[in-house]
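Values below: all heavy atoms of this structure, side chains included; hydrogens, waters and symmetry mates excluded. Here is how names work: the chains are called A, B, and so on, in the same order as the sequence lines, proteins then strands, and each is numbered from 1.
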Number of protein chains: 2
Amino acid sequence: MAQIKDVAKQAGVSVASVSRVLAGHAGVSEAIRQRVLEAVRTMDYRPDLAAKRLRSRRTDTIGLIVSDIRNPFFTEVSRAVEDMAYQNRMRVILCNADEDPEKEALYLDLMRDENVSGVILSPSLPTLARFRMSDYPFPVVLVDRCDRETNADAVVLDNVDSAYRLTTHLIEQGYQRIAFIYGTTSATGRQRHEGYVTAMATHGLETLTQAVPATVEAARAAAGELTRGRPLPEALVGSNGLILLGLIEALRAAQLQFPEQIALAGFDDLPWTRLVGPGITVIAQPTYDIGQAAIELLLQRIAHSSQSVRRVVLRGELRERESSRRRRG
Amino acid sequence: MAQIKDVAKQAGVSVASVSRVLAGHAGVSEAIRQRVLEAVRTMDYRPDLAAKRLRSRRTDTIGLIVSDIRNPFFTEVSRAVEDMAYQNRMRVILCNADEDPEKEALYLDLMRDENVSGVILSPSLPTLARFRMSDYPFPVVLVDRCDRETNADAVVLDNVDSAYRLTTHLIEQGYQRIAFIYGTTSATGRQRHEGYVTAMATHGLETLTQAVPATVEAARAAAGELTRGRPLPEALVGSNGLILLGLIEALRAAQLQFPEQIALAGFDDLPWTRLVGPGITVIAQPTYDIGQAAIELLLQRIAHSSQSVRRVVLRGELRERESSRRRRG
DNA sequence: AGTTGATTTGTAATCGATTACATTTTTCTT
DNA sequence: AAGAAAAATGTAATCGATTACAAATCAACT
């Protein structure tokens, strides 16, 4: 394997010149530039990244810590982050923390060991509550989850407002007994719950909620309970894609048709939401944009560590489908 | 930041001893071991990974190159790989090559630069055809795609057989004009096509196939064409999850009910396959197991570079649902 | 031509670990 | 108790780049 000194010898220059040419630094004559480039080409020289990283103290690597890559929301975010990262000659280290604060801490520690340039994190509730930018030797951008109080760069959906609009849509369609099933492990669920509550209150309606761990199974169980209660809710709303899936499974099990017997709506426009039943009304998140915005924010922060804290709030889009069709009678 | 020499000073030993203790090497007295460990603890010493990697020439990193992480099959495989990797104190670098041989080559080059311990790759057809283990300075395990001729460690589904069983199932249910829509960008689609053809031939039936790029859009278009033809096919089979999705969209657009007007079956048991319509018959792949097997194979190969080439073939499971219900008449 | 200042190039220190080899200490043998 | 063999420990070289600093070259202006 050729090293920088071999290239230097071949080109008849010093290693410093080779390094300068390759780093694109100014102050090197065109003649030397050409000779170095030629030598690099003929020898197929590849700088050793380990050496480079040791000496330069930069890794050009970013960490992405999500709860579970299998959640389609994070799949899409991760794809966006990876695309942008490679475009900027950076690497991505991906971790699944499973909403577990201990794993999150573990992986954040690992990021420190890796000396990453920055981290994109979707924190669980406990981690978010404790979060201080200054606790980490690298920039952190929060994604998907963020509190009003949190002082950190972040990219989130307008959760409260989206939930408000979704709930209001159902109310306008003539539904009143609207049940909201939401995940308790993340700030997202809480905020969407808040929007739901506000919308219901605005219209003088009573709320009906179930807080569950954000899993298909938990949502299915909760919805099962709700559908066994009397009077039956007129509509069910799930606070994210996994929960929505659980609701559908419960309706299947209870042999309830939607929207005829019970209306349905939720968050996350997944490939199947318009194919299940007559199509499901959802708030679509601009997932790819969220990922893109997150890494852009991170790259800016890496470049200018002292710039002011920014929060990017993206708007969810209401996609009306048959599952929330106007209530007859 | 504490370095190894600080720890050595604090513990009153040499840097070599510290290194030996931390590496878990034998031949160091219990007394020193304890003193070093104590010093490491009190100083919260973290070895610098860049330095470690430079000197030891090992990165404990593996590369995972898939076509697109948004394909649920690869999402699940990737999760398995990450889980196992972190359990073995290894990092994962994930790349999306979009079925593009050039991008695959690019990322494989990047893996060389990163000096990874090994790579898990799901190659496009051209890359697979050209694949030689000896072209790479690191072990490579193929996943999902592999030819009979390919001489490389690999983990794949029993594609031919699975497709044969799925097709035979439809035939046994009374279907004869069965159309097979398959992806041409990967070996997987071809092999499943082969199983379909064999099953049809065995029963003396004529084949009806459409080869498409493995995307939802292409599959939708192809299915649209098929459903406009007369006589209408009696059943549609998609060679993977994305294609299946495209087929369903096409049936929706053409307002064809399944299985009443046309039966449906495919590959990949995704969260929604039993929720769309009356449930869709599929071959379920043991995706997590596939990922797990791949990294196990890779770790073994890293440990024993000269062991004989292994191929792990996992069996797909036929999940019969209503979309392939027995044909009336 | 000589001096000054700017620009280009080269030499050698440095990043922070691992590890080959040398040295010291311990254990065992006779 | 002396000497040999084995085990433990330490010293210093090494991995392969970047970069601070020194040296050399070049240009411009008296």
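Minimum interatomic distance between A:S78 and B:I69 (heavy atoms only, all atoms of both residues): OG-CG2, 4.3 Å. Contact between B:P123 and B:R145 at its shortest, heavy atoms only, is O-NH1, 3.0 Å. When all heavy atoms are compared, the tightest approach of B:T75 to A:R70 is CG2-CA, 3.6 Å.
For the helix from C:dA1-D:dT30 to C:dT30-D:dA1, the rotation axes defined at the first and last 5 base pairs enclose an angle of 40°, given to the nearest 10°.
Using a cut-off of 4.0 Å between Lys/Arg side-chain N and Asp/Glu carboxylate O, A:D98 and B:R79 are scored as salt-bridged. Ion pairing of A:R33 with A:E30 is present here, as a side-chain N (NZ or NE/NH1/NH2) and a carboxylate O approach within less than 4.0 Å. A salt bridge does not link B:E296 to B:R310: none of the charged side-chain nitrogens sits closer than 4.0 Å to a carboxylate oxygen. A:R41 and A:E38 are joined by a salt bridge, as a carboxylate oxygen and a charged side-chain nitrogen come within less than 4.0 angstrom of each other. Ionic pairing of B:R112 and A:D44 is present here: one or more N-O contacts between side-chain nitrogen and carboxylate oxygen are shorter than 4.0 angstrom. Under the 4.0 Å criterion applied to side-chain N and carboxylate O atoms, A:D48 and B:R57 are assigned as salt-bridge partners.
Counting to the nearest Å, the P atom of C:dT18 and the NZ atom of B:K5 are 14 Å from each other. The interatomic distance linking B:M1 (CE) with C:dA17 (C1') rounds to 14 Å, in whole Å. We find that CD1 of B:I4 is positioned 11 Å from P of C:dT19, with the value rounded to whole Å. Summarising the geometry, the separation between CD on A:Q3 and P on D:dC15 is reported as 7 Å, rounded to the nearest angstrom.
The one candidate from A:V155, A:V119, A:L128, A:D153 that meets the side chain to side chain contact (heavy atoms under 4.5 Å, CB included) condition with A:L142 is A:L128.
For residues 38-60 of chain B, proximity to DNA chain D is found at B:L54, B:R55, B:R57, defined as any non-hydrogen atom under 4.0 angstrom from a strand atom.
When the side-chain nitrogen and oxygen atoms of B:S19 are compared with OP1 and OP2 of C:dT18, one or more of them lie within a distance under 4.0 Å.
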What are the atom names and distances for every N/O pair under 3.5 Å that joins the protein to nucleotides 5-9 of chain C?
residue : atom : partner : partner atom : Å
C:dT9   : OP1  : A:S29   : OG           : 2.7
C:dT9   : OP2  : A:S29   : N            : 2.7
C:dT9   : OP2  : A:S29   : OG           : 3.2

Report task. Take A:T61 and A:E114 through the side chain to side chain donor-acceptor pair (under 3.5 Å) test and state the conclusion after the steps. Result -> CA-CA 8 Å; A:T61 297; A:E114 288 283 349; over 6 Å; no

